[in-house]
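Just below is one structure, and these are the notes that go with it.
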Amino acid sequence: MKQELKILYVTDLHGDKNKYKKSLEIAIEKNIDVIVNGGDMLPKQCDRHMEQPAFITGFLKEYFTELQMRNIFYLAMLGNDDLLVLDGLFDEVCKEFDNIHNIAGRKVCIRGYEFIGMNHILDHPFGCKDRVVTETHYIPQGQLSAVAGISNEYDYDRIFNWLEYSRSNLPHMCDILADLPEPADLRKTVYVMHMPPAGLRLGQLRYQDMDIGSVDIYEFLQEKQPLLSLHGHIHESPDTEKGKWINQIFDTTCVQTGQTELNDSEMVYAEIDLKHKEYKRQVIKIT
């Protein structure tokens, strides 16, 4: 018999403390067992090298302490707007708590269900290229900046011919996916992937009629057929004319809740009951 496991899924909080606090309040109120955070956890409209590490060692550490007191599991990973150079620091803080897990490239088992995280994305127009990969037929979007960068300890390693660099130096999404841990039982496996799969309208942009999901992720999920996959990255996708927040790849349910922007008065999340395969997208007021 499958065990009960209630999940609150939230993504793309970008350091919004009100959303963090509200998600914890909801988890306590609704007896949630696990909060899953799908990436882009840290402030981005700031000096990231100063404020992001402070957010990890300050706010998140206190937040994780509260979660531990409440006996709530927290499964999380940094995203493309969270500096790559901070992976070690984030990992160290997570390891201070028995109930907090950095799931990027890892597998965590809770009550018989396995959660596997993957936080790489395909190229996008923005200058910070942390966690960016490519795939065989991917055509990069037009760039907004002449110079790209990958974070180092104090700044960015600047790349002046990004399109050429991206063709020859980036790893492929299919190889990243192939290196993920193998699940014991795919029908009790949840993949948490910041990038949505292609072809499902989970990566629908608002400013142009384009679904920028990953073909490699779609093919991976199509082959594996896990119970569930959770995605984020494109905040507006579910609220566009063509976008969706939930879709299927045969027997696999794929969820991309989207998110409001920083300091908005609303927050988006999903309530998930794995045993009964129930999925609800919620948009609520937080201020």
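Computed from heavy atoms alone, side chains included, the values below leave out hydrogens, waters and symmetry copies. None of the values given here were measured: they were computed from a predicted structure.
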Is there a side-chain contact (heavy atoms from CB on, under 4.5 Å) between Y279 and L228 once you walk through the steps? CA-CA 10 Å; Y279 314 100; L228 176 66; 3.8 Å; yes
Atom [atom1] of [X] and atom [atom2] of [Y]: how far apart are they, to the nearest 0.5 Å?
X    : Y    : atom1 : atom2 : result
M195 : S214 : CE    : OG    : 6.0 Å
L78  : N102 : CG    : CG    : 6.5 Å
I32  : I72  : CD1   : CD1   : 8.5 Å
I116 : M77  : CD1   : CE    : 12.0 Å
N119 : M41  : CG    : CE    : 11.0 Å
Q52  : D47  : CD    : CG    : 9.5 Å

Indicate every side-chain donor-acceptor pair of residues 262-270 with a distance under 3.5 Å to a residue at least two apart or in another chain.
{"unit_1": "D264", "atom_1": "OD2", "unit_2": "E261", "atom_2": "N", "d": "3.0"}
{"unit_1": "Y269", "atom_1": "OH", "unit_2": "E271", "atom_2": "OE2", "d": "3.4"}

Among all residues two or more places apart in sequence or in another chain, which pass the ring pair (Phe, Tyr, Trp, His ring centres under 6.0 Å) test with [X]?
X    : answer
H194 : H233
Y218 : none
H172 : none

With a 3.5 Å cut-off and no angle check, do the side chains of T252 and K224 form a donor-acceptor pair?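 There is no such pair (donor and acceptor under 3.5 Å, judged by atom type) between the side chains of T252 and K224.
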Polar side chain donor-acceptor pair, S23 to Y74, under 3.5 angstrom: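 Side-chain D/A pair, S23 to Y74: absent.
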Residue pair L180 / G105: nearest heavy atoms and the distance that separates them: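 Closest heavy-atom pair between L180 and G105: CD2-CA, 4.0 Å.
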Between the side chain of [X] and the main-chain N/O of [Y], is any donor-acceptor distance below 3.5 Å?
X    : Y    : result
D82  : G79  : yes
Q256 : G258 : yes
D12  : G232 : no

Test item: L230 and I272 side chains (from C-beta on) under 4.5 Å apart, heavy atoms: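 In contact.
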With a 4.5 Å heavy-atom cut-off, do L177 and I217 have their side chains touching?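 Yes. Closest side-chain heavy atoms under 4.5 Å.
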Does the pair [X]/[Y] count as a salt bridge with the N-to-O cut at 4.0 Å?
X    : Y    : answer
K22  : E29  : no
R48  : D130 : no
R131 : D87  : yes
D251 : K277 : no

Check side-chain contact (heavy atoms from CB on, under 4.5 Å) between D209 and all other residues, then give those that pass, not counting sequence neighbours.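 D209 satisfies side-chain contact (heavy atoms from CB on, under 4.5 Å) with R201, Q204, K242 only.
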Applying side-chain hydrogen bond (donor to acceptor under 3.5 Å, both in side chains) between H14 and each of H235, Q259, Q45, report the one that passes.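 Testing each of H235, Q259, Q45 against H14, the sole residue satisfying side-chain hydrogen bond (donor to acceptor under 3.5 Å, both in side chains) is H235.
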Sequence neighbours left out, what pairs pass salt bridge (Lys or Arg N to Asp or Glu O under 4.0 Å) with at least one residue falling in residues 160-169?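 Pairs touching residues 160-169 that pass the test: E164-R167.
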Cluster companions of I212 among Ile, Leu, Val, Met, Phe, Trp, Tyr (side-chain spacing under 4.5 Å):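 L205, Y207, M210, I234, listed by chain and number.
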Kindly give the cluster partners of V215, where membership spreads through any ILVMFWY side chain lying under 4.5 Å from a current member.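 For V215, no cluster forms, as it stays isolated from other hydrophobic side chains.
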Residue among L202, T257, V255, L200 satisfying side-chain contact (heavy atoms from CB on, under 4.5 Å) with I246: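 Between I246 and the candidates, side-chain contact (heavy atoms from CB on, under 4.5 Å) is satisfied uniquely by V255.
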Can you name the salt bridge (Lys or Arg N to Asp or Glu O under 4.0 Å) partners of D33, sequence neighbours left out?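 Salt bridge (Lys or Arg N to Asp or Glu O under 4.0 Å) list for D33, sorted by chain: R111.
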For N152 and V85: C-alpha separation, side-chain torsions, deciding distance, then whether side-chain contact (heavy atoms from CB on, under 4.5 Å) applies. CA-CA 6 Å; N152 58 43; V85 74; 5.5 Å; no
Scan residues 38-58 for pairs that pass ring pair (Phe, Tyr, Trp, His ring centres under 6.0 Å), counting only residues two or more places apart or in two chains.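 Listed once each, the pairs are Y20-F55, H49-Y156, F55-F59.
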Those residues that, when tested against T253, pass side-chain hydrogen bond (donor to acceptor under 3.5 Å, both in side chains) (two or more places apart):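 Once residues adjacent in sequence are excluded, the partners of T253 under the side-chain hydrogen bond (donor to acceptor under 3.5 Å, both in side chains) criterion are Q248.
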Holding to side-chain hydrogen bond (donor to acceptor under 3.5 Å, both in side chains), I want the full list of residues that pass it with K107, two or more places apart in sequence or in another chain.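 E114.
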Assess the residue pair K129 and D123 against the criterion (salt bridge (Lys or Arg N to Asp or Glu O under 4.0 Å)); give the C-alpha distance rounded to whole Å, side-chain angles, the decisive distance to 0.1 Å, and a yes or no. CA-CA 8 Å; K129 299 299 184 180; D123 196 13; 2.8 Å; yes
